[in-house]
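In what follows, every heavy atom counts, from backbone to side chain, and hydrogens, waters and symmetry copies are set aside.
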Amino acid sequence: MPEFTVTGEIDPFLHVTLQQGEKIYAESDAMVTMDATLELTGKMRGGFFSSIARSFTAGESFFQQSIEANRGGGDVLLAPGTPGGVQLLEIGAQHYLLNDGAFLAADDKVSLTVRSQGIGNAIFGGTGGLFVLETGGIGKIAVCGFGSLFELDIDTNVGMIVDNHHVVAWDSSLQYEISTATNDTGFFSGMINSVKSGEGFVTKFRGKGKVVICSRNKPGFASFLGGLMGK
């Protein structure tokens with residue numbers, strides 16, 4: 001089985017060591033450097049309809065990189081397209097749902113399928129819209145997020161509240177819903193107070209499992225850059 005290692009503290013690489021005959025797949029343009037014994041191709045993983053579903057509904061690339069050790073073992077360095085951390089997740093006993101743009105690379109025995117979520121979560125969420133990616137199979141997957149990554153261990157019915165734009169991935173066994181950040185009764189009252197607080201909509205998780213979060217959010221950073229360019 002390929003060996004995955006996160007190397008570096010700031011904007012780290014994903015280092016993967018493959019033995020002859022092993023292969024992984026990664027997000028488009030993720031490869032930084034690799035040994036000449038490895039072969040890189042672009043593929044529609046899962047076929048045309050699966051690829052187009054991931055592209056249009058979950059924000060992933062239509063073509064993904066397939067890296068195979070056909071001529072002998074070798075090493076490859078991968079990196080996400082935006083600055084931030086990389087986190088390894090073990091797939092098998094646990095499976096995860098991934099937010100838009102969270103996928104970086106995975107063992108070939110790990111699958112990614114498009115899963116629909118409730119209309120309420122889709123309309124107000126920053127967690128994939130109508131669809132999110134769900135892992136399957138057995139192996140390791142690397143996820144990435146904007147800024148540093150941190151794992152939350154949820155083991156209570158009280159739950160945990162996370163700003164939507166900081167959610168990277170979460171245990172598929174967790175219950176979750178999208179709501180306003182405040183506890184005000186009434187939808188419009190909650191919206192108004194959420195806008196005042198600057199938090200907007202959040203994801204409320206309940207149950208037992210892990211949630212991977214990132215320290216930065218892309219819309220906030222884009223707004224910051226827009227403000228600088230307007231000066």
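Side-chain heavy atoms closer than 4.5 Å link hydrophobic residues (I, L, V, M, F, W, Y) into clusters, and following such links, even through other members, never connects Tyr25 to Leu18. There is no path of hydrophobic side-chain contacts, each under 4.5 Å, that joins Met1 to Leu89. No single ILVMFWY cluster, assembled from side-chain heavy atoms under 4.5 Å apart, contains both Val76 and Val110.
For Ala69 against Gln19, the heavy-atom pair with the smallest separation is CB-O, 3.3 Å. In this structure, Glu27 and Gln64 approach most closely via the heavy-atom pair OE1-NE2, 4.2 Å. Closest non-hydrogen pair, Pro2 versus Val16, comes out as CB-CG1, 4.0 Å. Nearest approach of Asp107 to Lys109, heavy atoms of both residues: OD1-N, 2.8 Å.
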Name the atoms and distances for all side-chain donor-acceptor pairs under 3.5 Å in residues 138-150, with sequence neighbours left out.
none

I'd like a table of donor-acceptor pairs (distance under 3.5 Å, sequence neighbours excluded) in which one partner is a side-chain atom from residues 29-41, with atom names and distances.
unit_1, atom_1, unit_2, atom_2, d
Asp35, OD2, Asp75, N, 2.8
Thr37, OG1, Gly73, O, 2.8
Glu39, OE1, Asn70, ND2, 2.8

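Rounding to the nearest 0.5 Å gives a distance of 5.5 Å between CH2 of Trp170 and CG of Asn99. Put simply, CZ on Phe103 and CG on Leu133 are 9.0 Å apart, with the number rounded to the nearest 0.5 Å. Atom OG1 of residue Thr203 and atom CG of residue Leu174 lie 11.5 Å apart, to the nearest 0.5 angstrom. The CD atom of Glu134 sits 10.0 Å away from atom CD1 of Ile91, with the distance rounded to the nearest 0.5 Å. Considering NZ of Lys204 and CE of Met160, their distance stands at 13.0 Å, rounded to 0.5 Å. Distance check, rounded to the nearest 0.5 Å: CG of Leu104 to CG of Leu78 gives 6.0 Å.
For residues 2-15, the set of pairs meeting the salt bridge (Lys or Arg N to Asp or Glu O under 4.0 Å) definition, not counting sequence neighbours, is empty. Judged as a ring pair (Phe, Tyr, Trp, His ring centres under 6.0 Å), not a single pair has a partner in residues 65-97 (not counting sequence neighbours).
In this structure, Asp108 contributes its side chain and Lys23 its backbone to no donor-acceptor pair below 3.5 Å. Side-chain N or O atoms of His15 include none that pairs as donor or acceptor with a backbone N or O of Leu77 at under 3.5 Å.
By the side-chain hydrogen bond (donor to acceptor under 3.5 Å, both in side chains) test, Ser173 is found to be paired with Asp171, residues two or more places apart in sequence or in another chain being considered. Listed by chain and number, the residues in a side-chain hydrogen bond (donor to acceptor under 3.5 Å, both in side chains) with Glu151 are Gln87, Lys210 (sequence neighbours excluded). Legend: residues meeting salt bridge (Lys or Arg N to Asp or Glu O under 4.0 Å) with Arg206, ordered by chain and number and at least two apart, are Glu177. Take Glu22 and apply the salt bridge (Lys or Arg N to Asp or Glu O under 4.0 Å) test, not counting sequence neighbours, and it matches no residue. When the ring pair (Phe, Tyr, Trp, His ring centres under 6.0 Å) test is applied to Phe4, no partner is found at least two apart in sequence or on another chain.
Between Phe205 and Tyr176, the ring planes lie tilted relative to each other; the angle falls in the 30° to 60° range.
Taking the side chain as every heavy atom from C-beta outward, Ile213 and Val168 never approach each other to under 4.5 Å. Looking only at side-chain heavy atoms (C-beta outward), Pro12 and Thr7 stay at 4.5 Å or farther from each other.
Summarising the local packing, CD of Gln175 is surrounded by 12 or fewer heavy atoms from other residues, nucleotides or ligands at distances under 6.0 Å.
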